[in-house]
Structure formats: C-alpha cells, structure tokens
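Single-structure report; data block below.
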Amino acid sequence: MEKYPKIFQDRYLPPKESCMFWGFEHGDGWFHIIDSLCFDIQKYIDFKKDIVPQVVASQVKEKFGGLRFYTAYAYSDEFEAIIEKYEELSLKTCEYCGRPGTINDTRSWIKTLCSMCNDY
C-alpha cells in the first residue's frame, strides 16, 4: 500500500466506503503479482496522466482460487486487460508461498496451491 499510495488511497476509509478497510484478503504468495499489477497500472496512468483518471483499488481478495482486484473511480479496456493478466497468473501461483500451483477444491474452500502447501 505504501509503494502505490495513489492506487490505495482509500485504504483508511471506513468499511461502508471501501473494502480496502479490510486490507488484502489473500495469502502472501501473491505479493509479487499484486506488486506487478499495481506497477503496470500506475505506469500506464502516469504515461497517460492527462487522458485517464487514477485507478483506485476498492477491494483485493481471493475468490474461487483466483485473485480479484476491484477498482473504483476509473475503468477502461486497458485497465481491465492489465488486471485480467494478473488474475490469470494467480490461477497458476500458490496463494501461500508463490510457487507454481494449481486450483484445489478438495477442502471446504477453493484455493490455488502448490503441492507442498496443499499437504498442510
């Protein structure tokens, strides 16, 4: 959140105004995915600063084994393509450790996990 203050500017809003109040709702293994996603989005915005509005994250979480990155205040096909790229990557990355993983639904919750993390 500190590295991308413009994207996460709503992080201190109350829960009725932004789900970022709850922080990141996924495991640490996707840290590099979120970092790359935010870098690509902010780079695009900074390049087109007079044309496109700032993207602001409204919720970042795991759902059905994949990353979900919801935004407020801005939307475009370019942003959607960037987000979709990294959401697809999350489906191949262990949510807990960041190693290559697969979707597992053997537990009560669908998660993308590597074989080592799935054994826990």
Item to check | I82 CD1 to D77 CG distance, which is reported to the nearest 0.5 Å | outcome: 11.5 Å
Item to check | Note, Y12 side chain near S18 side chain (heavy atom, < 4.5 Å) | outcome: no
Checklist entry - Do V60 and I34 pass the side-chain contact (heavy atoms from CB on, under 4.5 Å) test, and can you show the C-alpha distance, the side-chain angles, and the key distance before you say yes or no? => result CA-CA 9 Å; V60 181; I34 299 294; 3.6 Å; yes
Next on the checklist: Please give me the minimum heavy-atom distance between S90 and I33, naming the atom from each residue.
Outcome noted: CA-CD1, 3.8 Å
Checklist entry - Run the side-chain contact (heavy atoms from CB on, under 4.5 Å) check on K16 and F21 step by step: do they pass? => result CA-CA 9 Å; K16 289 185 177 185; F21 172 85; over 6 Å; no
Item to check | side-chain contact (heavy atoms from CB on, under 4.5 Å) between T71 and I83, intermediate numbers included | outcome: CA-CA 10 Å; T71 63; I83 292 168; 4.0 Å; yes
Checklist entry - Which heavy-atom pair separates L91 from I103 by the least distance, and what is that distance? => result CD2-CD1, 3.7 Å
Next on the checklist: Please enumerate all residues that pass side chain to side chain donor-acceptor pair (under 3.5 Å) together with E78, with sequence neighbours excluded.
Outcome noted: S76
Checklist entry - For I7 and V56, what are the C-alpha separation, side-chain angles and deciding distance, and is it a side-chain contact (heavy atoms from CB on, under 4.5 Å)? => result CA-CA 4 Å; I7 294 175; V56 177; over 6 Å; no
Next on the checklist: Could you check whether any side-chain heavy atom of C94 comes within less than 4.5 Å of a side-chain heavy atom of C117, counting everything from C-beta outward?
Outcome noted: yes
Next on the checklist: Under a 3.5 Å distance rule, please check whether W30 uses its side chain to pair with a backbone N or O of T93 as donor and acceptor.
Outcome noted: yes
N/O donor to acceptor pairs below 3.5 angstrom from side-chain atoms of residues 63-70, sequence neighbours left out:
| residue | atom | partner | partner atom | Å |
| --- | --- | --- | --- | --- |
| R68 | NH2 | K63 | O | 3.3 |

Item to check | By salt bridge (Lys or Arg N to Asp or Glu O under 4.0 Å) - contacts of K92 (at least two apart) | outcome: none
Do any side-chain atoms of residues 22-29 form donor-acceptor pairs under 3.5 angstrom with protein atoms, and if so which ones, sequence neighbours left out?
| residue | atom | partner | partner atom | Å |
| --- | --- | --- | --- | --- |
| E25 | OE2 | Q59 | NE2 | 3.2 |

Item to check | Y4 side chain reached by D35 side chain, heavy atoms, under 4.5 Å | outcome: yes
Item to check | Beyond-backbone contact of M20 with M1, side-chain heavy atoms, under 4.5 angstrom | outcome: yes
Checklist entry - Just how far is it from atom CG of L89 to atom OG1 of T112, taken to the nearest 0.5 Å? => result 10.5 Å
Next on the checklist: I need the full list of ring pair (Phe, Tyr, Trp, His ring centres under 6.0 Å) pairs touching residues 32-51, with sequence neighbours left out, sorted by first then second residue.
Outcome noted: Y44-F79
Item to check | Partner residues of E95 under the side chain to side chain donor-acceptor pair (under 3.5 Å) criterion, sequence neighbours left out | outcome: K111
Item to check | Nearest-0.5 Å distance that lies between atom OG in S36 and atom CZ in F31 | outcome: 9.0 Å
